Novice: 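Got a structure for you, written out below as structure tokens; questions coming shortly.
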Number of protein chains: 2
Amino acid sequence: MAFAEPSDRKGPSILGVDPWVSDTRKTGKKRELLSEAERSRLAVIASIVRFKKGEDIYRAGDRADAIFNIISGVAKSYSGKGGDRIVAFLFPNDLFGLSEEGRYTNAARALTPVTAYRLPVSVLRSRLSRDALLEYHVICKLCEELRQSQRHAFLLGERRADVRLATFLQMLEQLQVAKGDTAGEIYVPMDRSDIGEYVGLSLAAVSRTFGSLVRHNVIKFRDRRWLKITDRAAFDRILADGAGRRTVRRGRNP
Amino acid sequence: MAFAEPSDRKGPSILGVDPWVSDTRKTGKKRELLSEAERSRLAVIASIVRFKKGEDIYRAGDRADAIFNIISGVAKSYSGKGGDRIVAFLFPNDLFGLSEEGRYTNAARALTPVTAYRLPVSVLRSRLSRDALLEYHVICKLCEELRQSQRHAFLLGERRADVRLATFLQMLEQLQVAKGDTAGEIYVPMDRSDIGEYVGLSLAAVSRTFGSLVRHNVIKFRDRRWLKITDRAAFDRILADGAGRRTVRRGRNP
DNA sequence: CCAGTAGTTTGATCCGGATCAAACTTTGGC
DNA sequence: GCCAAAGTTTGATCCGGATCAAACTACTGG
């Protein structure tokens, strides 16, 4: 739902086809869910809504009469009875608010002040059925979010805390690179506890593991939200270590 | 990608809209990705392929020139350098083989003998652009798979082995209920090691935890692949325990 | 600028599941 | 039906991260 794919990706695609790939290459524009034209076409039927930091965008179980497209700010989509368990972080241009049975399945809350388009489902729906290109782009976006979610699951499948966090940082970095933001430094808009809820670690473990990475000179925090990777090789080694190690040997074979 | 949603769901939906909801209610037919008509329309452009148990359907990085729709059997989609880490189990009617940059990102392998439709991308693509209903159904299917993947991530976010396995069994059960298969007993087509790779536990932990559940009379195995839930209340208690517990308290607040 | 609170670090202890290892059981081929 | 290989159970040990708890730091609003 949120993070960009590795930097060697050119855009979301389904069935190996993607109009943006060539678009992006030709125009050199940043990858976007909706083109400017499309965005303004949608703007006609959309209203702009604002949420304060910490404010609920919607709650699980609410009547799902609109979907959202973030213009600026960061939000989280979360679920679980306890309200913990972050399903996705939502960044500008992310589309969210998919429903099931007409109700939102997750809740969403602004982590920073958020501005977003609010698209009433009824209007968007009729648009969709008439606008093949838009529909196609929705497919692309869904593929992207599916991959994102699979990445998240992949991250959670890793057992070691450092690998989980390194993977998370990599996701953040790639997102920012894809958007053309300041490379070199990584911006971490969410707090330690949110990170923990996303990567499946306790708040304490997140802090401790960051501390350990800093102590080993792999990363360096400028302040609580900005860091840079000071030892790329070591960083990549941590990431690589995650895969290819778990030797699940079965039965007796010497 | 694979499991069905909870039984109170009527079908996949995007934006709160789903043509199958009414269809299903009217006809009482089982929920399907493709209607019979659609399936046969696709069959024209599809070839039927068979895979032996353990055979690769495709490998990560292979040229992605086709997608698949399982007719019978069970497969797994997996990734990770080590080839461990199962992303999804694939059951009949599941659509898989989405690509990125024209290459498969995951690998897929048959767990049982598998029969499947193989749909060449090129043909399907032109179909898609002309067939609005098909395109719409692809959207629905993608939403379903997205939710599935989010469920998987949710499962992996849980730390306790018994909750993970109970959740997994619940997914299997719901899938089988949705397909109208034998309720009462749950069929587990994959081996312990595959389960471990999906739920993020070691092979040993899977076996031990199953053992413990059996010892507590929560479930009972008829044989290695068939089990039933003998104490529903206890089972549900395990599931419920997963949520609402993780008290991530921050700072000092007495 | 200060107080109060939200957020973060750090310490100590404990436990669940990984890991290593060996026996046991089922399956499939001949 | 027998053997080998595949798959499963079970035991012992160990370690990473959860959990409990307290101190520290950075914001925020008055």
Side-chain angles (χ1 to χ4, degrees), chain A residues 52-54 82 84-85 109 111-113 155-166 188-197 199-215 219 221-227 238 241-242 245-254, chain B residues 52-54 82 84-85 109 111-113 155-166 188-197 199-215 219 221-227 238 241-242 245-254:
Chain A
K52 290 196 279 281
K53 173 178 172 172
D84 40 24
R85 299 288 252 296
R109 175 173 300 168
L111 294 181
T112 66
L155 180 161
L156 289 166
E158 177 52 43
R159 295 192 236 286
R160 285 173 42 193
D162 55 350
V163 182
R164 265 141 105 142
L165 277 179
V188 185
M190 61 293 285
D191 65 30
R192 301 291 186 260
S193 145
D194 282 332
I195 296 173
E197 283 168 24
V199 303
L201 293 174
S202 70
L203 163 60
V206 171
S207 179
R208 236 186 281 275
T209 308
F210 273 153
S212 153
L213 289 175
V214 169
R215 240 169 292 113
I219 60 175
F221 279 92
R222 175 152 66 82
D223 64 32
R224 224 139 249 93
R225 319 228 100 135
W226 289 93
L227 65 88
I238 293 170
D241 185 31
R245 199 177 26 72
R246 256 198 306 175
T247 314
V248 181
R249 209 188 278 96
R250 57 269 285 251
R252 68 189 280 74
N253 43 353
Chain B
K52 290 196 280 280
K53 173 177 172 174
D84 40 25
R85 299 286 252 297
R109 176 174 299 168
L111 294 180
T112 66
L155 180 161
L156 288 167
E158 177 53 43
R159 297 193 235 284
R160 284 174 42 192
D162 55 351
V163 182
R164 266 142 104 143
L165 276 179
V188 185
M190 61 294 285
D191 64 30
R192 301 293 186 259
S193 143
D194 282 332
I195 295 174
E197 284 168 23
V199 304
L201 293 173
S202 71
L203 163 60
V206 171
S207 178
R208 237 186 281 275
T209 308
F210 272 153
S212 153
L213 289 174
V214 168
R215 238 169 292 114
I219 61 176
F221 279 92
R222 176 153 64 82
D223 63 33
R224 225 137 247 96
R225 321 227 98 135
W226 289 93
L227 66 89
I238 293 170
D241 185 30
R245 196 179 26 72
R246 254 198 308 173
T247 314
V248 180
R249 208 188 280 97
R250 59 269 285 252
R252 66 189 280 76
N253 45 350

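From a predicted model like this one, the values you see are computed outputs, not experimental measurements.
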Novice: Let me test you: for the helix from C:dC1-D:dG30 to C:dC30-D:dG1, what is the angle between the axes at its two ends (five pairs each), rounded to 10 degrees?
Specialist: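 Angle reported: 60°, given to the nearest ten degrees.
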Novice: Go through the steps to decide whether B:L156 and B:R164 satisfy the test side chain to side chain contact (heavy atoms under 4.5 Å, CB included), and finish with yes or no.
Specialist: CA-CA 7 Å; B:L156 288 167; B:R164 266 142 104 143; 4.2 Å; yes
Novice: Would you compute the distance between atom CD of B:E158 and atom CD1 of B:I238 and round it to the nearest 0.5 angstrom?
Specialist: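 Reported value, rounded in 0.5 Å steps: 11.0 Å.
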Novice: Using whole Å, report how far CZ of B:R192 lies from C1' of C:dC24.
Specialist: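 After rounding, the gap between these two atoms is 15 Å.
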Novice: Would you kindly compare B:K53 and A:R164 by the position of their nearest DNA chain D nucleotide and give the one closer to the 5′ end?
Specialist: B:K53
Novice: Enumerate the protein-to-nucleotides 10-17 of chain D contacts in which both atoms are nitrogen or oxygen and the separation is below 3.5 Å.
Specialist:
{"from": "D:dG11", "atom 1": "N7", "to": "B:R208", "atom 2": "NH1", "distance (Å)": "3.1"}
{"from": "D:dG11", "atom 1": "O6", "to": "B:R208", "atom 2": "NH2", "distance (Å)": "3.2"}
{"from": "D:dA12", "atom 1": "N6", "to": "B:R208", "atom 2": "NH2", "distance (Å)": "3.2"}
{"from": "D:dG17", "atom 1": "OP1", "to": "A:R159", "atom 2": "O", "distance (Å)": "3.2"}
{"from": "D:dG17", "atom 1": "OP1", "to": "A:A161", "atom 2": "N", "distance (Å)": "2.4"}

Novice: Roughly, in whole Å, what's the span from CZ in B:F210 to P in D:dG7?
Specialist: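 Interatomic distance, CZ of B:F210 to P of D:dG7: 16 Å.
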Novice: Looking at A:A161 and A:T209, what are the two nearest heavy atoms and their distance?
Specialist: CB-OG1, 3.6 Å
Novice: In whole angstroms, how far is the P atom of C:dG7 from the CG atom of A:L111?
Specialist: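 Whole-Å distance recorded here is 10 Å.
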Novice: How long is the straight-line distance from CG of B:D191 back to CG of B:L111, given to the nearest 0.5 Å?
Specialist: 7.5 Å
Novice: Check the distance between C:dT9's P and A:L165's CG and give it to me in whole angstrom.
Specialist: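 Computing the A:L165:CG to C:dT9:P distance gives 12 Å.
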Novice: Nearest 0.5 angstrom please: A:I195 CD1 to A:S207 OG, how far?
Specialist: 10.0 Å
Novice: Output yes when a side-chain donor or acceptor of B:R85 lies under 3.5 Å from a complementary backbone atom of B:E197, and no otherwise.
Specialist: no
Novice: Tell me the interatomic distance from A:F221, atom CZ, to C:dG7, atom C1', rounded to whole angstroms.
Specialist: 14 Å
Novice: Could you go through A:S212 and A:R208, starting from their C-alpha distance and side-chain angles, then the distance that decides it, and tell me whether this counts as side chain to side chain contact (heavy atoms under 4.5 Å, CB included)?
Specialist: CA-CA 6 Å; A:S212 153; A:R208 236 186 281 275; over 6 Å; no
Novice: How close do B:W226 and B:D223 get, counting heavy atoms only, and between which atoms?
Specialist: N-OD1, 3.0 Å
Novice: Between P on D:dG7 and CG on B:D223, what's the gap in Å once rounded to a whole number?
Specialist: 16 Å
Novice: Heavy-atom nearest nucleotide on DNA chain C for A:V206 versus B:R224: which residue maps closer to 5'?
Specialist: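 Closer to the 5' end of DNA chain C: A:V206.
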Novice: Please give, in whole Å, the distance from D:dT25 P to A:R225 CZ?
Specialist: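 Atom CZ in A:R225 sits about 18 Å away from atom P in D:dT25.
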Novice: Quick one: does any side-chain atom of B:R222 pair with a main-chain N or O of B:L227 as donor and acceptor, under 3.5 Å?
Specialist: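 No, B:R222 side chain to B:L227 backbone: no donor-acceptor pair under 3.5 Å.
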